[in-house]
Amino acid sequence: MRRTLLRSTSALIICSTLGFGDALAFGPKLPGLGGGGGGTDSITSKAKTKTVNKILKDVGKSAFRGGKIIASKQKWACDKLAKAQGIVRAINNADLEKKVSDLRETLYCGITDPIPAKLLAPEEIKEDENEKFAS
């Protein structure tokens, strides 16, 4: 027992002298090996990139008709793009950030000027249920 204690103490003294004392006492603190996400960072980044691309696709399909903005979908699209913009900033992807920013600008998100009429798609007029049965 005394011999084992002596070896352990000697090992700690030597490691401490060489600068490894903290590593043994409190876990590894070697440069490049502590903290961070390791391989999970890239997986998370890919998932977030997919999410942003899905938002861009959904907005592109739903907020435009014939290349023009559907006014009733504009607020929804801008809200979705604001979410995408936050994700893109978190993953620091300049290409996606430009795509999101350009689409937000195209949809007049955050712009107080009214959308010019020539950029607006005509709204679909839905028949009122009462009118169907009245005739």
Side-chain angles (χ1 to χ4, degrees):
M1 170 90 168
R2 184 167 171 79
R3 194 173 190 173
T4 307
L5 182 60
L6 185 58
R7 281 188 203 153
S8 298
T9 306
S10 297
L12 275 175
I13 291 170
I14 292 169
C15 288
S16 179
T17 305
L18 296 174
F20 296 118
D22 289 340
L24 288 176
F26 303 104
K29 291 187 180 178
L30 302 174
L33 298 178
T40 59
D41 283 351
S42 65
I43 295 168
T44 303
S45 179
K46 285 180 185 177
K48 289 180 180 179
T49 299
K50 277 185 166 182
T51 300
V52 170
N53 282 326
K54 182 172 178 358
I55 290 171
L56 290 172
K57 184 178 176 181
D58 290 347
V59 167
K61 286 168 72 176
S62 300
F64 297 95
R65 184 182 313 118
K68 294 185 176 188
I69 302 167
I70 301 172
S72 61
K73 300 283 186 168
Q74 193 248 0
K75 182 182 178 339
W76 167 85
C78 288
D79 290 345
K80 285 286 201 183
L81 290 172
K83 178 182 176 183
Q85 195 169 39
I87 294 170
V88 167
R89 285 182 180 153
I91 61 174
N92 197 21
N93 185 325
D95 293 337
L96 272 180
E97 188 165 359
K98 178 153 178 42
K99 285 180 184 179
V100 171
S101 179
D102 289 349
L103 191 52
R104 282 181 51 82
E105 194 173 306
T106 300
L107 281 166
Y108 280 68
C109 298
I111 299 173
T112 56
D113 296 340
I115 301 171
K118 66 181 181 182
L119 298 178
L120 291 173
E123 290 289 329
E124 287 183 8
I125 300 172
K126 295 181 181 179
E127 285 186 51
D128 187 26
E129 292 294 322
N130 293 333
E131 289 181 25
K132 282 185 189 177
F133 297 112
S135 49

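No hydrogens, no waters, no symmetry mates; every other heavy atom, side chains included, goes into these values. The first residue in the sequence is number 1, and the count goes up from there.
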| message | With a 3.5 Å distance limit and no angle check, can you tell me whether R65 reaches the backbone of P122 through a side-chain donor-acceptor pair? | response | yes
| If you round to the nearest 0.5 Å, how far is CG of D95 from NZ of K98? | 10.0 Å
| request: Locate the shortest heavy-atom distance separating K68 from L120; write the atom from each residue and the value. | output: CD-O, 3.6 Å
| remark: Taken to the nearest 0.5 Å, the spacing of L103 CG from E105 CD works out to 10.5 Å
| task | Kindly indicate, with the supporting measurements, whether the criterion side chain to side chain contact (heavy atoms under 4.5 Å, CB included) is fulfilled by K99 and L56. | result | CA-CA 8 Å; K99 285 180 184 179; L56 290 172; 4.2 Å; yes
| message | Measuring from atom NZ of K73 to atom SG of C78, what distance do you get when rounded to the nearest 0.5 angstrom? | response | 13.5 Å
| field | Within-4.5 Å side-chain heavy-atom neighbours: Q74 and I115 | value | yes
| query | D113 and Y108: which non-hydrogen atoms are nearest, and at how many Å? | reply | O-CD2, 3.9 Å
| query | Applying the 4.5 Å side-chain criterion to the ILVMFWY set and letting contacts propagate, would I87 and V100 be lumped into a single cluster? | reply | yes
| To the nearest 0.5 Å, what is the distance between NZ (K50) and OG (S45)? | 12.0 Å
| Less than 4.0 Å between a side-chain N and a carboxylate O, is that true for D79 and K83? | no
| message | Has T51 got a side-chain atom pairing as donor or acceptor with A47's backbone, closer than 3.5 angstrom? | response | yes
| Can you list the other members of the hydrophobic cluster that holds I91, where links are side-chain heavy atoms under 4.5 angstrom apart? | none
| field | Distance-minimising heavy-atom pair for C109 and L81 | value | SG-CD1, 4.5 Å
| Where is the tightest heavy-atom contact between T49 and N93, given as atom of each residue plus distance? | OG1-ND2, 4.3 Å
| said: Are more than 12 heavy atoms, taken from residues, nucleotides or ligands other than E123, located less than 6.0 Å from that residue's CD atom? | reply: yes
| request: Kindly work out whether a path of hydrophobic side-chain contacts (I/L/V/M/F/W/Y, heavy atoms less than 4.5 Å apart) joins I70 to L107. | output: no
| task | Output the distance between atom NZ (K57) and atom NZ (K61), rounded to the nearest 0.5 Å. | result | 5.0 Å
| Could you give the distance from CZ (R104) to CD (E97), rounded to the nearest 0.5 Å? | 11.0 Å
